[in-house]
Amino acid sequence: MNMNEYFKSVHRDGRIWNLSVALILILVPVVIGVLYHTMPDWNGFLVGLLATAPMYWTVGAIETVTYVPMLGAGGSYLSFVTGNISNLKLPVALNALERAEVSISSEEGEIISTIAIAVSSIVTTLIIILGVILITPLTPLLDSPALAPAFAQILPSLFGALGVVFISKNWKIAVAPVLLMLVLFIAVPALDASTVGIMVPVGVLFTLGVSRLLYKKGVLG
Amino acid sequence: MSFNVNSPVLFVVAGLAVAVVLAQSVYFLVKAWRRGVAVGMDPQKLKRTARTAAVFTIAPAIAIVISVITLSKDLGVPLPWLRLSVVGNLSYETIAATNAESAMGLTFGKVSALTAQQYVTIASVMTVSIMTGIWLVPLIGEKLINGVINLEKRDKKWGEIFTSSMFIGMISAFIGYVFCDFSGVFRGVTAGLVPVLVMLVAAAVMTVLGLASKKKGLRVLADYALPLSLIAGMAAAIPLTAALG
């Protein structure tokens, strides 16, 4: 099997898995409804969906276009099923690619990214199962006010550590987008945790534009 | 059958769906591992990748368990367990549950008991709202990835810069987010400094570990630098929050 055939097999298997999971997820509320002989409150469903879906569908589409080229094929199919992409799957893949010194567009990069994301997904699922089984004794500990600040600061901690690695290696590319984002997030009060997902593609497009300009001018070698 | 948000039947339904997702992860892990071995990749490199990913995942996964606990106060355990194991994250699921509950005249965080109909409605809103990526990746994923591969084939240097730029663009957005409450500092509200200082602590620990790992005998540090820096930043958040608000 050559590289193209391998990639094609990943996409074929990914399609089968993801569409199957999509069907199973849709079936969950249906099965619960059948078991308890009830239908959704259609008015509540439509109002709830109208309040939620337009934003989520838009963000979902933007995230797909933005994250898939960074996650690789196998990593994308898995990440978009298991979720927690920006706070877990993408950092784990970035760190693995960085440690293995491979590009995501190479076959080695595809393999490394998929292994990292698959292991992360399995460990996450198992830890959540453990948490669900032990939820009664764990709740007072994990829900305690003493630990709350630590878990509230996962993203700053994560992107501090990842940022120093990637920015130090690509500082010529990084200066402009980091400055832009600092100015925007400090100056525009509407930008907060709920809008960072929308700002990711803005940051990516801006960085690509700056990089192209620097590359054409010969600054990036 | 009387309805209860923590009914064993709901655990079975959620558990079956989680089992399928677990099977998908195992399938892709085995497929990638076999391919890596077949194309001559060093098995030690693959093992190191898996080990580092597993260790790094522990702290964020515990945060996800806390999200399950948070949502379980309204929705019971099975639905948050499913939603946070498949696709979801806390902020998305909280907003979806809040909107669905509010559409039926309920208030998120103040629900004492849901009826089966309310539960099915909330589960439906949460499910349909969040599924874009699952079906969109099968539709356009191959084209997007082939686009990046072809770009690197046409101009290798630009292809590498393109990929790095995507990563930097994403990281810069999150660095900006760390400063989103920083303007409060100018008005004497110091809480906005906490995430900034946490970020700096994690960055400093990562730098020290990165430099130390270059020394003979300490190379293993490089594999664990990210999880250790993550934990250091999170630990620093506790006294920083106590001091700055």
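The sequence lines fix the lettering, A, B, ..., with proteins before strands; numbering per chain opens at 1.
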Side-chain heavy atoms of [X] within contact of [Y], under 4.5 Å:
X	Y	value
A:Ile26	B:Met131	yes
A:Phe159	B:Met199	no
A:Trp42	B:Thr121	no
B:Phe56	A:Leu88	yes
B:Leu16	A:Val28	no
B:Arg35	A:Glu107	yes
A:Ile122	B:Phe28	no
A:Leu155	B:Val178	no

[X] to [Y] - nearest heavy-atom pair and separation:
X	Y	value
B:Met41	A:Glu108	CG-OE2, 3.6 Å
A:Phe185	B:Ala173	CE1-O, 3.6 Å
B:Ser25	A:Ser121	OG-CB, 3.4 Å
B:Val120	A:Pro40	CG1-CG, 3.9 Å
A:Leu220	B:Lys157	O-CE, 3.5 Å
A:Ala51	B:Asn99	O-ND2, 3.4 Å

Dump the intermediate steps for side chain to side chain donor-acceptor pair (under 3.5 Å) on A:Thr114 and B:Lys31, then the final yes or no. CA-CA 9 Å; A:Thr114 305; B:Lys31 186 180 175 80; over 6 Å; no
Side chain, backbone, both or neither of [X] within contact of chain B (heavy atoms, under 4.5 Å):
X	value
A:Leu94	side chain
A:Ala148	neither
A:Ile24	side chain
A:Phe45	both
A:Leu97	side chain
A:Leu71	neither
A:Val165	side chain
A:Ser168	neither
A:Val31	side chain
A:Thr124	both
A:Leu191	backbone
A:Val164	side chain
A:Val10	both
A:Thr64	both

Spacing of [atom1] belonging to [X] relative to [atom2] belonging to [Y], to within rounding of 0.5 Å:
X	Y	atom1	atom2	result
B:Ile149	A:Ser106	CD1	OG	9.0 Å
B:Met104	A:Asp41	CE	CG	6.0 Å
B:Met126	A:Leu25	CE	CG	12.0 Å

Option that, when pairs with chain A are counted at under 4.5 Å, heavy atom only, ranks first among [options]:
options	answer
B:Val13, B:Val21, B:Leu226, B:Val196	B:Leu226
B:Asp223, B:Asn146, B:Thr70	B:Asp223
B:Met234, B:Met206, B:Arg48	B:Met234
B:Phe182, B:Phe11, B:Trp158	B:Trp158
B:Trp135, B:Tyr27, B:Tyr119, B:Trp81	B:Tyr27
B:Asp181, B:Val128, B:Leu200, B:Ile58	B:Val128

Under 4.5 Å from a heavy atom of chain A, the part of [X] involved:
X	answer
B:Val9	side chain
B:Ser124	both
B:Ile140	side chain

Evaluate B:Leu46 against A:Ile111 for side chain to side chain contact (heavy atoms under 4.5 Å, CB included), listing each step before the verdict. CA-CA 9 Å; B:Leu46 304 183; A:Ile111 290 164; 4.2 Å; yes
Check against side chain to side chain donor-acceptor pair (under 3.5 Å), A:Tyr36 and B:Ser7: CA-CA 11 Å; A:Tyr36 288 96; B:Ser7 156; 3.0 Å; yes
If you count every heavy atom of other residues, nucleotides or ligands that lies below 6.0 Å from A:Met39 atom CE, does the total exceed 12? no
For B:Lys73, does the NZ atom sit with more than 12 other heavy atoms under 6.0 Å from it, leaving out its own atoms? yes
Apply the test side chain to side chain contact (heavy atoms under 4.5 Å, CB included) to residues B:Val87 and A:Phe80: give CA-CA distance (whole Å), side-chain angles for both, the deciding distance (0.1 Å), then the verdict. CA-CA 6 Å; B:Val87 197; A:Phe80 279 90; over 6 Å; no
Assess whether side chain to side chain contact (heavy atoms under 4.5 Å, CB included) is satisfied between A:Met181 and B:Phe179, documenting all intermediate values. CA-CA 9 Å; A:Met181 288 297 154; B:Phe179 284 78; over 6 Å; no
NZ/NE/NH1/NH2 to OD/OE distance under 4.0 Å, B:Glu142 and A:Arg15: yes
B:Ser172 meets the side-chain hydrogen bond (donor to acceptor under 3.5 Å, both in side chains) criterion, sequence neighbours left out, with none
Side chain to side chain contact (heavy atoms under 4.5 Å, CB included) partners for B:Thr98, two or more places apart: B:Thr94, B:Phe108
Side chains of [X] and [Y] only: does a donor on one sit below 3.5 Å from an acceptor on the other?
X	Y	answer
A:Thr195	B:Tyr177	no
A:Ser211	B:Ser165	yes
A:Ser105	B:Lys153	no

Kindly determine whether A:Val119 and B:Thr49 satisfy side chain to side chain contact (heavy atoms under 4.5 Å, CB included), including the steps that lead there. CA-CA 9 Å; A:Val119 168; B:Thr49 299; over 6 Å; no
